[in-house]
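In what follows, a structure is listed as structure tokens, so that the remarks can point back to it.
Bear in mind that the values here come from a model prediction, so they are computed numbers and not experimental data.
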Amino acid sequence: VMNALKKLPADSQFLGQRVSTKLQSLLKDCVATLKNYDSDSTVIHGDFHPGQVIVDQDGNVAFIDLDHAAIGDRHHDLGHFISHVELLVLYGKLTNVDARRCMDSFLNGYQTEGVVIGDRILQSLTAASLLQLVHEPFRYRYSKWHESTNRLLDRAARILDTSVPHLSTQLDCQVSQPDRHSNIIG
């Protein structure tokens, strides 16, 4: 995650100076939290998001697209998953209520297995994952890509706000709908 975050300022220059400056400020906050974080290593998916989960009619769950699987910190997969749930809300493909239910169920599943989830680390990794998605509105040619990009940055800033203790209580913003011919998340 740290390497990807370090590349973002250079990769974001096409978004404009104001966006780039805002992005750099948020990156600084993420890096400050994550730089001294000592994580427990376990097997992770590496690119975990709702599109990587298949559930059959019997309720059996399978994960697909394991080409980024590695040994790493479980918070990375959790943050990445939650950032994509956030993105689905931002693009109107998932309601706040459904997203909250999804995230709570997802996090409760981890905690039921005895996994301790650090809120501040999870917030930072979720925000970092959202920041890595900041190019998506431009990439998929949304007519209001600049507005959508700013809302992604605003969302990451709210997630990083330490006054809000739990991510699922923060779902509250919408981004303009993508163009009908666009497909943001498969």
Side-chain angles (χ1 to χ4, degrees), residues 1 4-5 8 12 15 19 22-23 25-27 29-30 33 44-55 61 63-65 68 74-111 117-186:
V1 171
L5 292 178
L8 271 175
S12 66
L15 296 173
V19 169
K22 193 174 192 179
L23 176 62
S25 173
L26 292 169
L27 287 172
D29 290 347
C30 287
T33 300
I44 63 169
H45 185 280
D47 186 27
F48 195 52
H49 59 79
Q52 307 287 28
V53 180
I54 298 175
V55 181
V61 177
F63 304 126
I64 61 171
D65 195 14
H68 292 288
R74 71 179 48 88
H75 286 93
H76 175 272
D77 273 353
L78 294 171
H80 198 73
F81 184 90
I82 292 169
S83 72
H84 277 79
V85 170
E86 295 275 357
L87 195 64
L88 291 170
V89 171
L90 291 171
Y91 288 112
K93 294 186 177 233
L94 192 62
T95 68
N96 287 337
V97 171
D98 289 338
R100 189 170 290 122
R101 195 175 308 136
C102 174
M103 289 189 330
D104 286 344
S105 176
F106 181 66
L107 293 173
N108 287 337
Y110 266 82
Q111 291 170 334
I117 301 171
D119 278 346
R120 187 67 186 140
I121 295 302
L122 183 56
Q123 287 171 314
S124 294
L125 285 168
T126 300
S129 291
L130 265 180
L131 295 176
Q132 291 175 56
L133 297 171
V134 77
H135 66 281
E136 296 286 306
F138 180 83
R139 178 180 182 198
Y140 291 104
R141 298 180 177 98
Y142 293 165
S143 59
K144 296 181 180 180
W145 68 266
H146 198 271
E147 176 185 325
S148 297
T149 299
N150 277 311
R151 292 215 179 141
L152 279 171
L153 293 171
D154 290 345
R155 185 70 193 116
R158 278 195 296 282
I159 289 170
L160 288 171
D161 182 354
T162 58
S163 67
V164 181
H166 192 274
L167 284 168
S168 68
T169 63
Q170 298 182 54
L171 283 169
D172 64 355
C173 94
Q174 292 279 330
V175 172
S176 60
Q177 290 282 349
D179 298 335
R180 287 186 181 181
H181 65 278
S182 298
N183 181 17
I184 183 77
I185 302 290

Tell me whether [X] contacts the main-chain N or O of [Y] through its side chain, where contact means a donor paired with an acceptor under 3.5 Å.
X	Y	answer
Asp77	His45	yes
Asp161	Ala157	no
Arg120	Leu160	yes

[X] side, atom [atom1]; [Y] side, atom [atom2] - distance, nearest 0.5 Å:
X	Y	atom1	atom2	answer
Leu87	His49	CG	NE2	10.0 Å
Leu78	Ile121	CG	CD1	12.0 Å
Leu88	Ser83	CG	OG	9.5 Å
His135	Leu23	NE2	CG	11.5 Å
Glu136	His84	CD	NE2	6.5 Å
Ile159	Leu131	CD1	CG	9.0 Å

Point to revise | Partner residues of Ile54 under the side chain to side chain contact (heavy atoms under 4.5 Å, CB included) criterion, sequence neighbours left out | key: Ile64
Point to revise | Phe48/Ser129 under side-chain contact (heavy atoms from CB on, under 4.5 Å): CA gap, chis, key distance, verdict | key: CA-CA 11 Å; Phe48 195 52; Ser129 291; over 6 Å; no
Check your understanding: Residues two or more places apart in sequence or in another chain: which of them pass salt bridge (charged side-chain N to carboxylate O under 4.0 Å, His left out) with Asp65?
Key -> none
Check your understanding: So do the side chains of Ile82 and Leu130 get within less than 4.5 Å of each other, counting heavy atoms only?
Key -> no
Point to revise | Side chain to side chain, Phe106 and Pro50, heavy atoms closer than 4.5 Å | key: no
Check your understanding: Partners of Asp98 by side chain to side chain donor-acceptor pair (under 3.5 Å), sequence neighbours excluded?
Key -> Thr95, Arg101
Check your understanding: Who are the side chain to side chain donor-acceptor pair (under 3.5 Å) partners of His80, not counting sequence neighbours?
Key -> Asp47
Exercise for review: Write down the atom of Leu122, the atom of Gly79, and the distance for their closest heavy-atom approach.
Suggested key: CD1-N, 3.6 Å
Point to revise | Heavy-atom closest contact (Ala127 atom, Ala156 atom, distance) | key: CB-O, 3.8 Å
Check your understanding: What do the steps show when you test His68 against Ile44 for side-chain contact (heavy atoms from CB on, under 4.5 Å), and what is the final call?
Key -> CA-CA 8 Å; His68 292 288; Ile44 63 169; over 6 Å; no
